[in-house]
There are 2 protein chains.
Amino acid sequence: MVARYELIADELRDEILSGAHPVGSQLPSEAELAGRFRAARGTVRQAVAVLAAEGLVGSRQGARRIVLGNARSQSFAELHSFAQWARANGHRFGGQVIEQRRRPASAAECARLGGGEVLEVLRLRSLEGEPVLVERTVYAGWVAAAVETLPPGCESVTEALYDSIGLVFAYGEHLIDAVPANTRDADLLGVRRGSPLLRQRRTTTTHEGRPVETSDDRYRAGSVAFSIRNSIGANPLVRQAGDLRFWP
Amino acid sequence: MVARYELIADELRDEILSGAHPVGSQLPSEAELAGRFRAARGTVRQAVAVLAAEGLVGSRQGARRIVLGNARSQSFAELHSFAQWARANGHRFGGQVIEQRRRPASAAECARLGGGEVLEVLRLRSLEGEPVLVERTVYAGWVAAAVETLPPGCESVTEALYDSIGLVFAYGEHLIDAVPANTRDADLLGVRRGSPLLRQRRTTTTHEGRPVETSDDRYRAGSVAFSIRNSIGANPLVRQAGDLRFWP
DNA sequence: TAGTGGTCTAGACCACGGT
DNA sequence: CCGTGGTCTAGACCACTAG
């Protein structure tokens with residue numbers, strides 16, 4: 001079942017991306033759109049809220065909505081999944097487990113994952129055949145068994161865990177900064193020790209708010225960037241801090 | 001004029017932050033909240049959408065909303081303003097213009113800012129007395145004059161430009177990655193050449209979609225991080241990729 | 001099956017922008 | 001001033017979750 005407002009949003013998005021509404025131009029008014037799509041004004045507002053959340057249009061009280069961009073932003077919850085991002089963008093990618101072991105949770109991990117035993121996995125992932133990412137992931141005890149059954153060359157852990165135990169990575173918090181490569185990082189990525197890496201630390205939970213994993217991912221400089229769109233003075237329908245996507 | 005849903009959101013947020021709704025617990029149903037606040041269901045939904053956009057609660061059809069976090073996220077459009085972020089977080093900060101000159105726009109800048117002459121400014125900014133940020137900003141020709149009248153030690157360019165010509169930085173697009181410090185960066189920040197910097201490239205526009213500036217900001221590693229909260233499978237009211245804030 | 005959130009409607013009033 | 005988007009209401013139906 002696809003919602004009406006999604007269909008309207010899709011149609012408007014296509015018009016924007018195709019150039020029918022150039023960047024800087026005004027969108028039709030809500031009343032006009034409501035008439036055109038034979039929908040209530042509220043439904044149209046939901047549709048344009050989608051576009052606003054994608055950073056395609058902006059709005060302010062009293063003036064017509066304005067087209068801000070015409071680049072497809074890949075709406076990424078795939079911030080969690082290297083594989084899903086790489087596939088969606090047509091990249092050749094791979095991955096390999098380097099190390100994997102169970103151990104007791106540290107104090108910090110107890111706070112984030114809920115204590116007990118955890119599973120620590122070190123993965124090296126590549127893009128177009130080049131190693132670009134060192135992933136150090138710590139899984140909560142209750143998913144450890146499922147992760148251990150995955151093949152070492154598993155392409156997408158996210159998808160595999162969904163298929164095997166129906167696990168959905170629903171919410172995430174991410175910290176992004178820069179760090180120097182340590183000896184191990186440097187060795188795995190083929191860069192010099194101390195050279196810049198883009199680090200993404202994240203904690204992921206299920207729909208129920210149950211913590212699944214925390215991870216420390218380090219990208220070789222120049223391989224990817226994070227892209228964010230945001231706006232000020234937006235109302236909550238629009239309040240989005242921005243869509244977020246990887247950038248090759 | 002403060003909207004009703006904002007007041008409701010404020011009250012619920014306070015309850016969450018104060019621990020009345022612990023992380024992992026369920027929020028009251030929309031119907032209950034509507035009764036309690038004597039508001040229509042739609043208004044209550046707007047209020048909880050605010051909290052969802054802040055990453056405090058999550059939701060899924062059929063189940064009650066769940067409390068995901070209890071940390072205040074400083075809802076940052078202030079991603080644009082080092083001064084506003086630093087002040088809001090109680091940091092001691094400063095800034096100084098190192099270089100400033102007019103020059104013709106490059107080809108790339110023409111595309112982003114609209115051509116003609118531009119104003120290039122190099123600023124060094126500090127936190128707690130330590131230099132942490134090298135800011136290379138290119139202003140569009142139409143704001144150049146206003147920027148040139150600012151004192152070299154101006155704390156907040158964003159605020160100063162609002163006060164002087166009513167300019168509002170409304171929309172931004174940001175690219176975040178890691179780069180090695182070049183000789184100049186290293187010299188200004190007091191780090192070794194080649195050491196990691198966190199880079200934020202941004203383009204900012206007005207409410208009307210008119211480009212104002214593009215900037216290349218480089219943070220010393222360890223001084224700040226970017227924090228993002230996001231969710232999957234969210235509906236557009238909630239679709240926010242996440243609030244975004246600096247992190248000391 | 002009952003309760004919950006997601007969608008949609010139709011109408012009202014208000015604050016703001018531009019003329 | 002008019003047109004626009006922002007807020008709010010009241011009610012309806014549906015899809016989903018959970019017991």
Side-chain angles (χ1 to χ4, degrees), chain A residues 1-10 12 25-53 57-68 166 168 170 206-210 231-240, chain B residues 1-10 12 25-53 57-68 166 168 170 206-210 231-240:
Chain A
M1 192 57 193
V2 180
R4 193 88 149 64
Y5 73 85
E6 286 285 5
L7 299 175
I8 298 175
D10 289 345
L12 291 174
S25 69
Q26 294 184 334
L27 230 50
S29 74
E30 295 179 356
E32 286 176 276
L33 293 173
R36 169 175 157 198
F37 292 106
R38 289 160 204 266
R41 194 182 150 214
T43 307
V44 169
R45 282 178 63 78
Q46 255 185 307
V48 294
V50 174
L51 303 182
V57 305
S59 67
R60 45 206 273 254
Q61 195 172 61
R64 285 209 178 176
R65 288 191 174 75
I66 286 195
V67 178
L68 292 174
V168 176
T206 65
H207 270 131
E208 294 83 21
R210 194 176 185 193
S231 65
I232 197 174
N235 85 76
L237 288 171
V238 181
R239 147 101 50 128
Q240 62 96 28
Chain B
M1 192 55 193
V2 179
R4 194 79 152 50
Y5 73 85
E6 287 283 6
L7 299 175
I8 298 175
D10 289 346
L12 291 175
S25 69
Q26 294 183 334
L27 231 49
S29 73
E30 295 179 356
E32 285 176 276
L33 292 173
R36 169 176 157 198
F37 293 106
R38 291 162 204 266
R41 195 181 148 215
T43 308
V44 169
R45 283 178 62 79
Q46 253 184 307
V48 294
V50 174
L51 303 182
V57 306
S59 67
R60 42 205 276 252
Q61 195 172 59
R64 285 210 178 175
R65 288 190 172 76
I66 286 195
V67 178
L68 291 174
V168 175
T206 65
H207 270 131
E208 294 84 21
R210 193 175 186 195
S231 64
I232 196 175
N235 86 75
L237 288 170
V238 182
R239 147 100 52 125
Q240 62 96 28

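Because the structure is predicted, anything quoted here is derived from the model rather than measured. Naming: A, B, ... by sequence-line order, numbering from 1 per chain.
B:R64 has its CZ atom 16 Å from the C1' atom of C:dG6, to the nearest Å. Between the CD1 atom of A:I8 and the C1' atom of C:dT7 there is a distance of 12 Å, rounded to whole Å. Regarding B:F37, its CZ atom lies at a distance of 13 Å from the P atom of D:dC8, rounded to whole Å. If you take CD of A:Q46 and C1' of D:dG5, they are 16 Å apart, rounded to a whole angstrom. The CD atom of B:E6 sits 12 Å away from the C1' atom of D:dG6 (whole-angstrom rounding). When rounded to the nearest whole Å, the span between CZ of A:R65 and P of C:dG17 equals 15 Å. Rounded to whole angstrom, the span from the CG atom of B:L33 across to the C1' atom of C:dG3 amounts to 15 Å. For the pair A:E30 CD and D:dG6 C1', the computed distance is 8 Å after rounding to whole Å.
Taking only side-chain nitrogens and oxygens, B:Y5 never comes nearer than 4.0 Å to OP1 or OP2 of D:dC8. Between B:R45 and C:dG6 there is a side-chain N or O to OP1 or OP2 distance below 4.0 Å.
Toward the 5' end of DNA chain C, the nearer of the two residues B:E32 and A:V2, judged by each one's closest nucleotide, is B:E32.
Here B:S29 pairs with B:E32 under the side chain to side chain donor-acceptor pair (under 3.5 Å) rule; sequence neighbours left out. The side chain to side chain donor-acceptor pair (under 3.5 Å) check on B:S25 picks up nothing, with sequence neighbours excluded. Residues meeting the salt bridge (Lys or Arg N to Asp or Glu O under 4.0 Å) test with B:R4, sequence neighbours left out: none. Listed by chain and residue number, A:E11, A:E15 satisfy the salt bridge (Lys or Arg N to Asp or Glu O under 4.0 Å) test with A:R36 (two or more places apart in sequence, or in another chain).
Atoms CG and CD1, on A:L51 and A:I8 in that order, are 10.5 Å from each other to the nearest 0.5 Å. A distance of 11.5 Å separates CZ in B:R41 from CG in B:L33, rounded to the nearest 0.5 Å.
Stem regions annotated for DNA chain D: C:1-18 with D:1-18, counting only runs of 3 or more consecutive pairs of Watson-Crick or G-U type with both contacts under 3.5 Å.
Residues A:V57 and A:L68 fail the side-chain proximity criterion, which asks for heavy atoms closer than 4.5 Å.
With respect to the salt-bridge test (charged N to carboxylate O, under 4.0 angstrom), the residues B:E208 and A:R60 qualify.
Closest heavy-atom contact between B:T43 and B:Y5: O-CB, 3.6 Å.
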Margin query: For a quick check, with a 4.0 angstrom heavy-atom cut-off, what is the B/S/- contact string for nucleotides 9-19 of chain D, read 5' to 3'?
Written below: B--B--BBBS-
